[in-house]
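One structure below.
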Amino acid sequence: MTRRTGPETLRRAASPARLLTLAVLPALLPALFLSVLTVPGARAAESAPTVILSKKEAGKGGEITVSGKGWRGEALLMLLICGQATPERGVIGGTNSCANGTGRAVTTDEKGAFSKKLPVAEPPEPCPCVVHVATVTGEQASADAAFTVAGHPTAELPRRTGGGKLAVLAATRLEGDSSLLTWFGAPPARRLVFTVGNLGPAPVEDPVFEIGTAHGVYAPQWEERQWRGTVAPGARARIALPVELSAGAHGDYQISLRYGKKVLAEQPWGVGRPWGVTLFWVLLCLVVPAAVFRIGMAVVDRIRPRTGGAHRTAGARPGPAVSKGLPRRTTPVARTARSAAAADADATTAVLPWFTPDSAPSENRPRPTTKGQA
C-alpha cells in the first residue's frame with residue numbers, strides 16, 4: 001500500500017515548525033527592536049569628536065597636551081584657549097575671546113586622532129575658559145574641554161539670548177567703490193549691507209556673523225565678524241560688515257552670510273582685473289631694455305680708441321669743396337697759409353742763423369756791368 005502525499009500531508013508535517021517559530025518570534029522582537037535603537041546611538045557617540053586635556057588647570061607660561069579622537073581623518077584642526085566659554089554653551093564671543101597668538105594647528109591621522117602640546121596663555125575675556133578645537137577646512141566640527149587658567153580673572157557668563165532668532169528681511173548688497181590702488185593690485189574691499197529682524201522672544205546682543213568668500217569651485221573661507229548692538233524681539237536692524245579679498249584678486253566671487261549654523265544670504269561679486277599691474281610689467285619690459293641699450297652705447301662711446309685731430313689737420317691739405325653751391329671758407333684757409341709761411345720763416349731763420357739783413361749774399365755781390373762800360 002503506497003502512501004500518498006498531498007497538501008494535507010505537507011500541512012501536517014509543517015505545523016510543528018510553524019508553532020516553534022511563532023513561539024520564539026515574540027521573544028526575539030524586543031531584542032531586535034532594542035538593537036535597532038541602540039546601535040545608531042552607539043555609533044553616533046563613537047563618531048562624535050572628543051577633546052582630552054593632560055591638565056585641567058595651569059598658569060600662564062605653562063604647557064598642556066591636547067589630544068582627541070573621533071575627528072575626520074587627515075583634517076586640519078585649530079587649538080585655542082578661549083575665555084567666556086563653557087563646553088555646554090560654547091565660545092560665546094567667537095574667536096575674539098580666544099588667545100589667538102598662542103594657538104596651534106594640528107593634522108589628524110587616518111583614524112581621526114591627534115595629540116599636540118599647547119602653551120598656556122591668558123585669553124582676552126575672563127574665565128570660565130575652555131580649550132576650543134575646531135576644523136579649519138572642510139566640514140565644520142568643533143569640541144570644547146573645560147580648562148582653568150590659574151591667576152586669570154573670572155566673571156559670570158552673559159545671560160542667554162538663545163530665544164532670539166535672526167532672519168534677513170531684505171536683499172543684501174555690496175557697497176563701496178574701488179580706488180586707484182585697487183587698479184594696481186591692492187586688496188578689493190566692500191561693505192556687506194543687509195537688514196535683519198529678530199523673530200524670537202528674546203533680544204540678541206552683539207551677534208557674531210560669519211562672512212564666507214568663495215572663488216570658482218573652491219569652498220568658502222569663513223571669517224567671523226561681530227556686530228556691536230542689540231536687536232530687540234520683533235525689531236529690525238541695518239548691519240554693515242566689512243568684506244576684503246586678497247591682494248590682486250580678480251574674477252567672480254560668492255559672498256555668503258552665516259549666523260550660527262544657517263546661511264542667511266549669498267551675494268555675487270565680480271572683481272575686475274588689476275590692469276595697472278599688467279601695464280606696469282609692459283612698461284618695465286620696454287623701459288629696461290631701452291635703458292640698458294643707452295647705457296651700453298654710452299660705455300662703448302667712452303672706451304673706444306680715438307685718433308689725434310690736431311695731427312690730422314696740420315698734415316692734411318685743404319681739399320676741394322664738397323658742393324659747388326656752398327661758399328668757401330676763405331678766412332680760415334688764409335690764416336692757415338699765413339701761419340704756414342710764418343712757420344717756414346721761423347724755420348729758415350733757425351736753420352741759417354749766420355745770415356743777417358746787412359750781410360745777405362744778394363746785397364754784397366757786385367752788380368753785373370753792361371757791355372761797353374769800363
Side-chain angles (χ1 to χ4, degrees), residues 71-72 74-80 82 91 93-108 116 121 123-124 132-142 168 171-194 196 206-228 238-285 288:
W71 298 85
R72 191 174 68 251
E74 298 182 354
L76 181 61
L77 304 180
M78 174 181 61
L79 313 179
L80 296 171
C82 303
V91 182
T95 55
N96 293 330
S97 304
C98 305
N100 298 312
T102 58
R104 292 294 183 266
V106 64
T107 303
T108 61
K116 183 74 173 180
H132 179 70
V133 182
T135 56
V136 179
T137 59
E139 184 180 355
Q140 295 294 321
S142 62
V168 175
T172 59
R173 63 183 183 277
L174 292 172
E175 292 184 354
D177 297 323
S178 299
S179 62
L180 182 62
L181 296 178
T182 306
W183 201 64
F184 284 94
R190 293 289 189 274
R191 293 189 308 274
L192 183 64
V193 181
F194 55 95
V196 297
D206 300 337
V208 178
F209 297 92
E210 289 181 292
I211 302 295
T213 56
H215 180 55
V217 297
Y218 295 99
Q221 300 293 327
W222 299 96
E223 295 183 2
E224 293 182 350
R225 296 286 188 272
Q226 187 172 16
W227 181 74
R228 298 292 181 179
R238 182 179 181 272
I239 299 176
L241 301 176
V243 181
E244 184 176 345
L245 302 179
S246 58
H250 61 277
D252 296 330
Y253 284 81
Q254 187 79 11
I255 308 301
S256 303
L257 174 66
R258 186 170 68 179
Y259 179 70
K261 300 296 183 180
K262 182 180 180 182
V263 177
L264 301 180
E266 293 181 347
Q267 178 69 30
W269 183 9
V271 183
R273 182 181 293 273
W275 292 108
V277 179
T278 305
L279 179 62
F280 170 78
W281 286 111
V282 170
L283 293 178
L284 188 65
C285 293
V288 171

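As a basis for the values below, the full set of heavy atoms in this structure was taken, side chains included, without hydrogen atoms, waters or symmetry mates.
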Practice task
Measure the shortest side-chain to side-chain distance between Leu264 and Phe194 over non-hydrogen atoms and say whether it is less than 4.5 angstrom.
Solution key: no
Practice task
Please report the closest heavy-atom contact between Pro123 and Ser97, naming both atoms and the distance.
Solution key: CB-O, 3.5 Å
Practice task
Show your reasoning for whether side-chain contact (heavy atoms from CB on, under 4.5 Å) applies to Leu257 and Leu241.
Solution key: CA-CA 10 Å; Leu257 174 66; Leu241 301 176; 4.2 Å; yes
Fill in the blank from the handout: Between Arg190 and Trp269, the two heavy atoms sitting closest are CG-CZ2, 3.2 Å
Problem - Qualifying residue for side chain to side chain donor-acceptor pair (under 3.5 Å) with Thr95, from His132, Glu224, Glu223 - result: Glu224
Completion exercise
Rounded to the nearest 0.5 Å, the OG atom of Ser142 sits from the CG atom of Leu77 at a distance of 10.5 Å
Handout entry: Pro242 backbone acceptor or donor facing Arg225 side chain under 3.5 Å
Key = yes
Exercise for the section: Quick one: pull up CH2 in Trp183 and CG in Leu180 and give me the separation to the nearest 0.5 Å. Expected result: 8.0 Å
Exercise for the section: Verify side-chain contact (heavy atoms from CB on, under 4.5 Å) between Thr108 and Arg72, making sure each step is shown before the conclusion. Expected result: CA-CA 7 Å; Thr108 61; Arg72 191 174 68 251; 5.7 Å; no
Practice task
Please confirm whether the backbone N or O of Ala141 pairs with a side-chain atom of Thr135, one donor and one acceptor, at under 3.5 Å?
Solution key: yes
Exercise for the section: Any chance you could measure Cys82, atom SG, to Asn100, atom CG, to the nearest 0.5 Å? Expected result: 7.5 Å
Handout entry: Smallest separation among heavy atoms of Arg238 and Val193, with atom names
Key = NH2-CG1, 3.3 Å
Handout entry: Interatomic spacing from OG1 in Thr213 to CD in Glu244 - rounded to 0.5 Å
Key = 10.5 Å
Handout entry: Test item: Val133 and Trp71 side chains (from C-beta on) under 4.5 Å apart, heavy atoms
Key = yes
Handout entry: Taking every non-hydrogen atom, the tightest pair across His250 and Pro274
Key = CB-CD, 4.0 Å
Problem - Under the ring pair (Phe, Tyr, Trp, His ring centres under 6.0 Å) test, residues paired with His215 that sit two or more places apart - result: Tyr253
Problem - Shortest non-hydrogen contact between Val271 and Pro188, atoms and distance - result: CG1-CG, 3.8 Å
Exercise for the section: Begin from the C-alpha positions of Ile239 and Phe209 and carry the test side-chain contact (heavy atoms from CB on, under 4.5 Å) through to its verdict. Expected result: CA-CA 10 Å; Ile239 299 176; Phe209 297 92; 3.8 Å; yes
Exercise for the section: List the atom of Trp222, the atom of Ser256, and the distance in Å for their closest heavy-atom pair. Expected result: CH2-CB, 3.7 Å
Handout entry: Distance (rounded to the nearest 0.5 Å) between Cys98 SG and Met78 CE
Key = 7.5 Å
Problem - Qualifying salt bridge (Lys or Arg N to Asp or Glu O under 4.0 Å) pairs, either residue in residues 208-222, two or more places apart - result: Glu210-Arg258
Handout entry: Atom pair CG (Leu174) and CD1 (Ile255), whose distance is rounded to the nearest 0.5 Å
Key = 6.5 Å
